[in-house]
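One structure is given here, and the rest of the page talks about it.
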Amino acid sequence: MQEKQTTYYKTPIGIAEIIGDENGIQSIKVLDDNSISVELLKTEIPEVLQDCVTQLEEYFKGERASFNLTVNPKGTPFQKKVWKALLDIPYGKTRTYLQQSKFLGDVKAIRAVATANGKNPLWIVIPCHRVIGSDGSLTGYADGIWRKKWLLAHENPVKQQSLF
């Protein structure tokens, strides 16, 4: 059995805890509290997590629109199906929960889809932040609506028009 490795990475919107092993990244979550010590942030990144940290850095610098990581999230077959479908939402675009349910083939599964989105263990890499309410509202984001708004703005910044 592979030993899980953990590292912490400071992002513009919180400290990410990354957990994985040789079989892939199992979890990326943002931590709300500031209980992570500076020493933990400065520890050497385990080799199996280095590529993940590098790709997250590139994402936050605006240099990466998709991730190329081996992932190994833990979840039910239905959750994994929902998470896989999230990967089809292009960078800078959104899809409603209803559209996501239709995409998965069952319009009546909207609540189950929303629940599975909320249990997404791979923050940003599986882009559940790209799913919005049917009225365009930024509903249902476990890591805080302000982070969802930040991520969507990061992926689709408003371009200032030139006046001249």
Side-chain angles (χ1 to χ4, degrees), residues 1-33 35-36 40-41 43 45-60 63-106 109-133 138-152 154-155:
M1 188 167 168
Q2 309 295 338
E3 186 177 325
K4 288 183 194 175
Q5 301 288 318
T6 302
T7 195
Y8 297 90
Y9 165 65
K10 186 170 175 52
T11 78
I13 55 175
I15 295 170
E17 178 188 69
I18 305 165
I19 300 172
D21 59 24
E22 286 80 12
N23 296 319
I25 304 299
Q26 295 169 358
S27 169
I28 304 170
K29 64 183 175 183
V30 65
L31 305 176
D32 269 328
D33 62 23
S35 63
I36 302 302
L40 273 177
L41 285 172
T43 58
I45 300 166
E47 187 176 336
V48 295
L49 305 177
Q50 285 177 347
D51 195 32
C52 182
V53 170
T54 298
Q55 289 189 37
L56 283 170
E57 284 177 344
E58 292 168 351
Y59 171 84
F60 282 109
E63 299 169 355
R64 175 172 290 277
S66 64
F67 293 88
N68 182 15
L69 297 167
T70 301
V71 296
N72 189 18
K74 304 294 181 220
T76 67
F78 178 76
Q79 288 171 331
K80 289 179 180 182
K81 179 180 172 184
V82 170
W83 301 335
K84 188 174 184 329
L86 290 168
L87 297 172
D88 292 325
I89 305 172
Y91 182 90
K93 302 291 182 191
T94 58
R95 187 179 286 163
T96 67
Y97 288 100
L98 181 60
Q99 289 170 326
Q100 192 70 349
S101 297
K102 287 179 182 175
F103 183 82
L104 287 161
D106 186 357
I110 190 167
R111 289 186 190 272
V113 168
T115 299
N117 277 7
K119 296 196 182 308
N120 170 18
L122 292 168
W123 182 59
I124 297 176
V125 172
I126 295 178
C128 61
H129 61 276
R130 295 181 189 153
V131 182
I132 61 173
L138 303 184
T139 61
Y141 193 62
D143 295 313
I145 296 296
W146 72 271
R147 283 192 179 102
K148 184 173 193 165
K149 185 176 181 178
W150 191 99
L151 290 166
L152 292 173
H154 175 71
E155 293 183 3

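Closest non-hydrogen pair, Ile13 versus Arg147, comes out as O-NE, 2.6 Å. Ile28 and Ala16 get closest at one heavy-atom pair: CG2-CB, 4.4 Å. Nearest heavy atoms, Val113 versus Gln100: CG1-CG, 3.7 Å. Nearest heavy-atom pair across Lys81 and Leu104 is NZ-O, 3.6 Å. Contact between Val48 and Glu22 at its shortest, heavy atoms only, is CG1-OE2, 3.8 Å. When all heavy atoms are compared, the tightest approach of Ala142 to Gly118 is CB-O, 4.2 Å.
Side chains of Ile89 and Val131 form a contact here, defined as non-hydrogen atoms less than 4.5 Å apart. Annotation: side chain of Cys128 is not in contact with side chain of Trp83 (no heavy-atom distance under 4.5 Å). Between Pro127 and Leu87, the closest side-chain pair of non-hydrogen atoms falls below 4.5 Å. A 4.5 Å side-chain heavy-atom check between His154 and Tyr59 finds at least one atom pair inside the cut-off. The closest side-chain heavy-atom distance from Ile18 to Leu56 is below 4.5 Å. Side chains of Phe67 and Ile25 form no contact here, defined as non-hydrogen atoms less than 4.5 Å apart. Between Tyr97 and Arg111 the shortest side-chain heavy-atom distance does not fall below 4.5 Å. Between Thr70 and Asp51, every side-chain heavy-atom pair lies at or beyond the 4.5 Å cut-off.
Applying the salt bridge (charged side-chain N to carboxylate O under 4.0 Å, His left out) criterion to Glu58, with sequence neighbours excluded, gives Arg64. Not a single salt bridge (charged side-chain N to carboxylate O under 4.0 Å, His left out) links Arg95 to another residue, sequence neighbours left out. Not counting sequence neighbours, Lys148 has no partner by the salt bridge (charged side-chain N to carboxylate O under 4.0 Å, His left out) test.
Annotation for Glu47: atom CD does not count as buried by contact number, only 12 or fewer foreign heavy atoms lying within 6.0 Å.
Between Phe60 and Trp150, the angle of the ring planes lies from 30° to 60°, which puts this pair in the tilted group.
From Thr94, atom OG1 reaches atom CD1 of Ile132 across 3.5 Å, with rounding to the nearest 0.5 Å. Going from atom OG1 of Thr6 over to atom CD1 of Ile19 covers 4.5 Å, rounded to the nearest 0.5 Å. Gln5 CD to Ile45 CD1: the interatomic distance, rounded to the nearest 0.5 Å, is 12.0 Å. In this structure, the separation between NZ on Lys74 and CG on Leu122 is 10.5 Å, given to the nearest 0.5 Å. In this structure, Asp88 CG and Arg130 CZ are separated by 11.0 Å, a value rounded to the nearest 0.5 Å. For the atom pair CD1 (Ile126) and CG (Asn117), the distance works out to 10.0 Å, reported to the nearest 0.5 Å.
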**OP:** Assess whether side chain to side chain contact (heavy atoms under 4.5 Å, CB included) is satisfied between Thr7 and Val53, documenting all intermediate values.
**Re:** CA-CA 9 Å; Thr7 195; Val53 170; 3.9 Å; yes
**OP:** Report the C-alpha separation of Lys149 and Tyr141 in whole Å, then their side-chain angles, then the decisive distance to 0.1 Å, and conclude whether the side chain to side chain contact (heavy atoms under 4.5 Å, CB included) test is met.
**Re:** CA-CA 10 Å; Lys149 185 176 181 178; Tyr141 193 62; over 6 Å; no
Subject >> Stepwise side chain to side chain donor-acceptor pair (under 3.5 Å) test for Gln55 and Asn68 >> reply: CA-CA 8 Å; Gln55 289 189 37; Asn68 182 15; 5.8 Å; no
**OP:** Would you check, one step at a time, whether the test side chain to side chain contact (heavy atoms under 4.5 Å, CB included) holds for Thr115 with Phe78?
**Re:** CA-CA 11 Å; Thr115 299; Phe78 178 76; over 6 Å; no
Original post:
Where do Ile124 and Val30 land on the side chain to side chain contact (heavy atoms under 4.5 Å, CB included) test, with the steps shown first?
Top reply: CA-CA 10 Å; Ile124 297 176; Val30 65; over 6 Å; no
